[in-house]
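What follows is one structure encoded as structure tokens, with my remarks underneath.
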Amino acid sequence: MIAFVSGTVAALAPDTAVVEVGGVGMAVQCTPDTLAELRIGRQARLAVSLVVRENSLTLYGFADDGERQVFELLQTASGVGPRLAQAMLAVQTPDALRRAVAQGDEKALTAVPGIGKRGAQRLLLELAGRLGEPAGAAATSHPAGAAAPAPWSEQLHAALVGLGYSAHETEAAIAAVTPAAEAAAADGAAPKVSHLLRAALRTLNRAR
């Protein structure tokens, strides 16, 4: 089993990072949060989970072992495959998912594209007691601004398009989080794409 990959980031796409390991480029499927922390040409270490199918071998990458563990535990619920599990982690942090299951929070799960009300109810029942207790009061989203708006805006745009949203939906979501980003920028805050992404996804969910 492959536990992690470590090497130079050779390329980045909306949902994939290519990490060069021993002269071989390893394509790793990652959440927008994880991709936002990577930079081409820099070293990276990603915890990974190898998913084996009849005609494919796919590596899913995560910021740490804890996130990978939640990814694998989510798939113990019926109807949850690796793509949906990763989509859940793209919208909610591991601790937010633990808190949602512990509190029976359907809305936290229906914020994930592909999960409806009935699906959320079933997941809450099946995942009860499996993810563990929430580690603390970490919020699912604390939108932060960027001193230079262009970089975070481009990364956010790529992440939303990669999750399947239309150009119109993507632009509307970015516009919705821009005031918070600009307000924080006045205080000299650095861009935090992962926080802005969660805020944008909540906006898109409310618009449905």
Of the non-hydrogen atoms in [X] and [Y], which two are nearest, and what is the gap between them?
{"X": "T16", "Y": "A27", "answer": "CG2-CB, 4.1 Å"}
{"X": "P32", "Y": "L197", "answer": "CB-CD2, 3.2 Å"}
{"X": "I115", "Y": "A120", "answer": "CG2-N, 3.7 Å"}
{"X": "L204", "Y": "A173", "answer": "CG-CB, 3.9 Å"}
{"X": "Q92", "Y": "A111", "answer": "NE2-CB, 4.4 Å"}
{"X": "G61", "Y": "T34", "answer": "O-OG1, 4.4 Å"}

Handout entry: side chain to side chain contact (heavy atoms under 4.5 Å, CB included) involving A77 - partner list, sequence neighbours excluded
Key = V80, L123, E126, L127
Roughly how far apart are [X] [atom1] and [Y] [atom2], rounded to 0.5 Å?
{"X": "D15", "Y": "T31", "atom1": "CG", "atom2": "OG1", "answer": "10.5 Å"}
{"X": "E37", "Y": "D33", "atom1": "CD", "atom2": "CG", "answer": "8.0 Å"}
{"X": "T8", "Y": "R39", "atom1": "OG1", "atom2": "CZ", "answer": "15.5 Å"}
{"X": "L201", "Y": "E169", "atom1": "CG", "atom2": "CD", "answer": "11.0 Å"}
{"X": "Y60", "Y": "C30", "atom1": "OH", "atom2": "SG", "answer": "11.0 Å"}
{"X": "T203", "Y": "I174", "atom1": "OG1", "atom2": "CD1", "answer": "11.5 Å"}

Regarding [X] and [Y], do their side chains bring together a donor and an acceptor under 3.5 Å, going by distance alone?
{"X": "T58", "Y": "R53", "result": "no"}
{"X": "S49", "Y": "E72", "result": "yes"}
{"X": "T93", "Y": "R198", "result": "no"}
{"X": "E106", "Y": "Q121", "result": "yes"}

Exercise for the section: Taking the side chain as every heavy atom from C-beta outward, state whether R122 and S78 have any atom pair closer than 4.5 Å. Expected result: yes
Practice task
Decide yes or no for E67 and L89: does some side-chain heavy atom of the first lie under 4.5 Å from some side-chain heavy atom of the second?
Solution key: yes
Problem - SB check D64 R68 (cutoff 4.0 Å) - result: no
Problem - Cationic N near anionic O, under 4.0 Å, R98 to E133 - result: no
Handout entry: Check: Q86 side chain, F71 main-chain N or O, donor-acceptor pair, under 3.5 Å
Key = no
Problem - Test item: R130 side-chain N/O and L74 main-chain N/O as donor-acceptor pair under 3.5 Å - result: no
Exercise for the section: Could you name each residue pair satisfying side-chain hydrogen bond (donor to acceptor under 3.5 Å, both in side chains) that touches residues 171-180, not counting sequence neighbours? Expected result: H157-E171
Practice task
State yes or no: do V70 and F4 share one hydrophobic cluster built from I, L, V, M, F, W and Y residues joined by side-chain heavy-atom distances below 4.5 Å, directly or via other members?
Solution key: no
Problem - Members besides V9 in its Ile/Leu/Val/Met/Phe/Trp/Tyr cluster (side-chain heavy atoms under 4.5 Å) - result: I2, V5, L12, V19, V21, V24, M26, V28, L35, L38, I40, L46, V48, L50, V52, L57, L59
